[in-house]
Amino acid sequence: MHRICILFIVALFISTTCRLTESHHPGYSTVGNPHVPLDDDCALRAFIVEMAGYIAPTAWKMNWTELSQSAFQMNQCSNVSISNNTTTKLAKPFKTTPEIKETICYSRIFVHDFQGNDMFDGTFDRPKKTIQAALSLTRILRVTHGNEKTLCITIRGGTYYLGTNATTTSSQIGAIALTANDSNLVIENYQDERVVLSGGALLQLQWSIHAKTAAGGAIMKAQIPSFVNLDQFNELYIDDGRAIVAKYPNGDPATHGLYAKDPGFSYDSQSWIAPIFNPSTDIHVDKPYRNGTEFPNYQLGIGGGASVFNPPRNFWSTASPPAGSNYGVPQGFTVKNGALPHITNWSKPTTGFVHALHAGYWGSWVFEIASVDSAKNTIMFSRGGFQEARGSHSGGAFYVANIFEELDSPNEWFLDKSTRTLYFMPNETMPQVFVASQIPCLISISGSNDEDSANNILIRGLIFTQTSNTYMRDYMVPSGGDWAVHRGGTVYLTNTKTVTITRNLFTQLGSNGIALIDYNDASTITLNEFVWLADSAIILVGSTNGIDGFSVTSQPMNTLIESNLIHETGIYIKQSSPVLISVSRSISVIGNLMFNMPRAAININDGFYGNHTISYNVIFNTVRETSDHGPINSWDRQPFLTDAVQQGIPSLWQHTSYIHHNALFNNYRSVWPIDHDDGSCFYEDSYNFLVYGGKKNYLGHSKTDHHEIYVYADANQAGFGSNTCLGDYAPRRGFSGFNEIFRNNTCVLYSSSIPYNIDGCETSDLYIPLLMSNQIFIASGVEITFICKVKGTSTKLTLDQWNSYGVDLGTSVNTRPDIQYIIEWGRSILQLAE
Ligand SMILES: *[C@@H]1O[C@H](CO)[C@@H](O)[C@H](O)[C@H]1NC(C)=O
Ligand SMILES: *[C@@H]1O[C@H](CO)[C@@H](O)[C@H](O)[C@H]1NC(C)=O
Ligand SMILES: *[C@@H]1O[C@H](CO)[C@@H](O)[C@H](O)[C@H]1NC(C)=O
Ligand SMILES: *[C@@H]1O[C@H](CO)[C@@H](O)[C@H](O)[C@H]1NC(C)=O
Ligand SMILES: *[C@@H]1O[C@H](CO)[C@@H](O)[C@H](O)[C@H]1NC(C)=O
Ligand SMILES: *[C@@H]1O[C@H](CO)[C@@H](O)[C@H](O)[C@H]1NC(C)=O
Ligand SMILES: *[C@@H]1O[C@H](CO)[C@@H](O)[C@H](O)[C@H]1NC(C)=O
Ligand SMILES: *[C@@H]1O[C@H](CO)[C@@H](O)[C@H](O)[C@H]1NC(C)=O
Ligand SMILES: *[C@@H]1O[C@H](CO)[C@@H](O)[C@H](O)[C@H]1NC(C)=O
Ligand SMILES: *[C@@H]1O[C@H](CO)[C@@H](O)[C@H](O)[C@H]1NC(C)=O
Ligand SMILES: *[C@@H]1O[C@H](CO)[C@@H](O)[C@H](O)[C@H]1NC(C)=O
């Protein structure tokens with residue numbers, strides 16, 4: 001498949017920040033683009049870094065700048081002269097998200113793990129010991145003071161091991177479980193004190209040496225106390241990091257991956273054992289249907305092969321899904337001889353998991369191992385493969401984890417559940433703190449329904465960490481995109497109104513960060529940092545009654561996600577993203593910095609309702625481990641009824657969504673900066689600064705692109721894509737490609753002469769986007785070439801000839817200027833905007 005092209009490694013410089021977590025790894029392959037000179041690439045990277053500082057909240061300017069420099073390997077650029085000819089002095093200060101005002105607490109209850117006692121009254125001097133006890137006290141106070149008063153739980157510094165003896169292991173019910181009766185509540189840290197909420201249990205262990213290794217190290221062992229729930233102990237946290245489940249090939253899944261020189265994956269599969277076709281019951285709604293699209297009908301497969309999901313349904317499980325094939329995953333696979341050198345020694349292979357990429361690198365799967373035939377190098381799977389929704393007959397790169405005989409490298413661990421023995425191989429230094437994950441969800445806010453919702457709750461200033469992983473838990477297919485999603489998270493919200501989550505750190509987590517599930521109106525997620533997450537950072541997943549999202553309002557709506565820093569997501573789940581929007585209304589994603597992730601940063605899984613705004617985000621280092629995608633991705637394959645078009649009237653079409661003023665840098669395997677994939681309709685994309693890729697339209701319609709700046713649209717690293725300013729794929733009259741507008745854009749081609757790739761272009765029968773007033777720049781000495789058929793023959797046209805067919809009027813072609821001029825254009829749209 002698309003094997004990653006590794007150029008060279010660089011030692012990265014160290015930047016340390018107190019609160020914001022570092023994000024550089026030795027062993028990363030270069031972020032640099034081999035198709036353009038280093039000077040140009042560096043200048044563009046420097047501008048993206050500048051933009052990260054520009055959108056950063058005031059107190060974080062240095063931190064966001066330094067982190068971006070590090071993640072962008074700016075040390076490669078140390079001897080490249082980067083002009084400082086900036087208009088920054090003229091720049092309008094970026095309006096970052098307003099701080100949440102200090103709350104007036106009717107009553108404040110203090111919690112202090114160290115000095116507290118649950119028998120105390122919760123005053124500053126006599127604090128409660130646990131948050132749960134403080135919550136119980138608020139419920140008692142509400143009996144006398146009523147539900148309308150805002151009560152505050154103020155937590156003193158310390159680590160609260162919420163996983164210890166936890167009574168719930170659900171990923172939808174937290175250790176701190178709020179209901180509608182807990183409306184008007186604040187849970188916050190005290191002043192600047194460091195409050196850590198851990199989903200684990202602190203282990204006090206008696207270590208002894210199990211075995212010495214040839215290299216002079218040792219495998220240590222210890223007994224796990226009986227209060228630890230072994231079923232939930234699937235992540236071991238050491239000091240402030242995550243230990244590595246014994247694996248082959250070696251490598252830390254958090255810092256190695258397909259983007260790294262040393263990926264920790266093997267490419268040596270030989271063959272995959274095809275899925276057994278297990279038909280589902282087809283649901284196909286004939287009426288209502290939407291015309292004017294390749295995807296007119298609501299359809300779904302139920303049961304059969306879709307039974308691996310909960311609920312047991314999948315858009316891709318119909319007999320013949322539109323633009324795809326029936327979902328199924330391999331039953332097992334065979335590796336090349338020697339690809340798993342210790343396979344003959346595996347004493348209990350059924351403890352193991354196979355993590356594998358989908359054959360098209362559209363996502364990843366995790367399977368339990370059912371059996372191994374070491375003579376044939378064959379591994380058969382049992383449960384798993386539901387972590388993405390498309391399925392495939394074969395997989396790609398893989399690794400094997402959680403097998404005792406693979407414990408052979410520092411910081412690897414293995415838990416023998418039958419003897420309650422933990423094995424761990426330290427490097428030169430034994431960690432001080434060992435924490436066993438015990439629960440995936442720390443705080444849940446669950447109203448009873450959309451009328452009895454949990455309202456006005458503020459979560460501020462906390463550190464969420466050390467939770468159980470959820471990749472073998474229930475996944476579901478939310479709509480007709482490619483995504484399957486685990487509908488759980490570290491902070492889980494359902495049936496809420498005006499919940500605010502601000503200034504928290506989500507770090508070292510086994511699950512998603514924040515899950516907004518079903519009805520959640522006016523949630524605000526601002527000024528948080530998300531880093532080192534196994535899955536996605538923020539998921540918004542609503543429900544409908546089949547096609548009906550009109551009379552059912554069980555969706556996230558009017559959500560504001562602003563000024564967050566999101567990086568190092570998708571450690572295990574490669575089809576994951578900082579922000580997933582699915583079956584949701586009016587979601588705003590503004591001024592966030594996102595980098596280092598396996599797939600898109602923002603994925604819009606369907607055309608439900610629309611009216612989303614994605615603006616002023618700075619996004620780079622995306623699609624590092626997958627393929628055929630971009631920093632922002634959208635799909636619209638499954639229609640739903642909503643009142644988007646006109647209030648009170650059901651319609652299958654959505655409101656326009658707006659993508660503007662983002663700085664998107666297409667490196668690694670990103671193909672299109674904004675990937676409007678299958679069927680995407682009703683988008684207005686404008687004033688974005690888009691590096692290394694062009695516009696994409698595939699099987700959709702009614703999108704407008706204006707005042708965009710495409711920089712070196714022909715120079716993406718992925719090795720495929722149209723390499724043009726505009727890729728208009730497979731337009732079909734009456735189905736796709738109509739109402740498409742591409743005007744007043746600036747597009748710079750680095751070396752290509754061809755600005756557009758318009759499938760089926762025929763001058764006698766033009767069916768192409770409305771092109772006008774674009775400014776195209778090409779390398780000097782290159783002849784611009786518009787390609788279209790003239791009387792059935794593909795012909796190269798000059799601008800005048802192209803214009804003579806009445807298209808692209810007002811468009812100019814000029815020699816491309818120096819990179820610094822191009823960057824100035826970027827500054828002027830992004831930093832001088834009204
Ligand atoms: C930013 O970094 C500085 C030091 O580099 C640190 O003192 C400060 O706390 C950080 N700010 C935030 C908001 O994390
Ligand atoms: C930087 O300059 C040094 C010395 O001239 C040279 O060896 C090195 O290759 C240069 N590095 C880059 C990234 O251009
Ligand atoms: C900007 O350029 C000027 C003149 O070339 C130089 O003196 C100055 O050090 C530069 N500033 C920065 C921050 O690079
Ligand atoms: C600096 O930017 C200004 C404004 O875009 C431009 O006119 C000027 O030529 C630039 N100078 C250099 C040296 O790039
Ligand atoms: C957890 O339960 C065990 C066994 O019941 C008990 O010894 C221990 O004190 C409990 N720990 C906490 C923090 O409650
Ligand atoms: C909320 O409080 C009411 C009245 O005390 C009670 O009947 C109800 O069960 C509570 N709901 C929840 C979800 O706790
Ligand atoms: C959809 O159907 C209506 C009514 O038949 C027709 O007027 C309209 O042109 C169709 N739209 C498209 C895009 O085909
Ligand atoms: C298998 O285990 C035996 C005994 O520990 C060891 O001698 C041998 O090298 C191992 N073989 C492989 C392939 O790991
Ligand atoms: C040893 O492992 C710890 C994590 O336990 C890590 O922080 C440290 O950097 C490692 N040391 C070396 C030399 O790799
Ligand atoms: C669209 O979203 C905006 C917030 O971005 C909101 O104010 C407005 O009410 C929404 N409009 C509709 C029709 O939903
Ligand atoms: C689009 O570009 C044309 C030609 O440069 C210009 O006349 C027109 O005002 C522009 N339109 C907008 C909305 O900027």
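Atoms within each ligand, like the ligands themselves, are counted from 1 in listed order. Values below: every heavy atom of this structure, side chains too, minus hydrogens, waters and symmetry copies.
For Ser584 (side chain) and Ile581 (main-chain N/O), no donor-acceptor pair under 3.5 Å exists by modelled atom type.
Under the 4.0 angstrom criterion, atom 7 (O) of ligand 10 counts as lacking any protein heavy-atom contact.
The number of heavy-atom neighbours closer than 6.0 Å to CZ of Phe114, taken from other residues, nucleotides and ligands shown, is 12 or below. Other residues, nucleotides and ligands place no more than 12 heavy atoms under 6.0 Å from the CG atom of Asp240. The number of heavy-atom neighbours closer than 6.0 Å to NZ of Lys497, taken from other residues, nucleotides and ligands shown, is 12 or below.
The protein heavy atom nearest to atom 13 (C) of ligand 5 is Thr164 CG2, 3.6 Å. Scanning the protein heavy atoms around atom 1 (C) of ligand 5, the nearest turns out to be Asn165 ND2, 1.5 Å. Looking only at protein heavy atoms, the nearest one to atom 12 (C) of ligand 9 is Asn427 ND2, 3.2 Å. Annotation: atom 4 (C) of ligand 10 to nearest protein heavy atom, Ser588 OG, 4.4 Å.
For Asn611, a nitrogen or oxygen atom sits less than 3.5 Å from a nitrogen or oxygen atom of ligand 10, counting backbone and side chain alike. Polar contact with ligand 10: present for Tyr609 (N/O pair, distance under 3.5 Å).
Aromatic pair Tyr687/His660: centroids not less than 6.0 angstrom apart. Between Phe434 and Trp207, the distance from one ring center to the other falls under 6.0 angstrom.
Short contacts between ligand 5 and Phe227, defined as distances under 4.0 Å to a heavy atom of the residue, involve ligand atoms 2 (O), 3 (C). Atoms of ligand 9 found under 4.0 Å from any heavy atom of Pro431, numbered from 1 in the order shown, are 5 (O). Of all atoms in ligand 9, numbered sequentially from 1 with element shown, those under 4.0 Å from a heavy atom of Glu428 are 13 (C). Heavy-atom contacts of Ser586 reach the following atoms of ligand 10: 1 (C), 2 (O), 10 (C), 14 (O) (cutoff under 4.0 Å). Numbered from 1 in the order shown, with element, the atoms of ligand 9 that lie under 4.0 Å from a heavy atom of Ile238 read 5 (O).
Of the heavy atoms in Asn411, only side-chain atoms (C-beta onward) come closer than 4.0 Å to ligand 9.
Counting only N and O atoms by type, the side chains of Ser680 and Asp636 include no donor and acceptor under 3.5 Å apart.
Residues Pro57 and Leu527 meet the side-chain proximity criterion, which asks for heavy atoms closer than 4.5 Å.
In summary, of the residues considered (Ile187, Ile109, Ile176, Val111), a side-chain contact (heavy atoms from CB on, under 4.5 Å) with Leu135 occurs for Ile176 alone.
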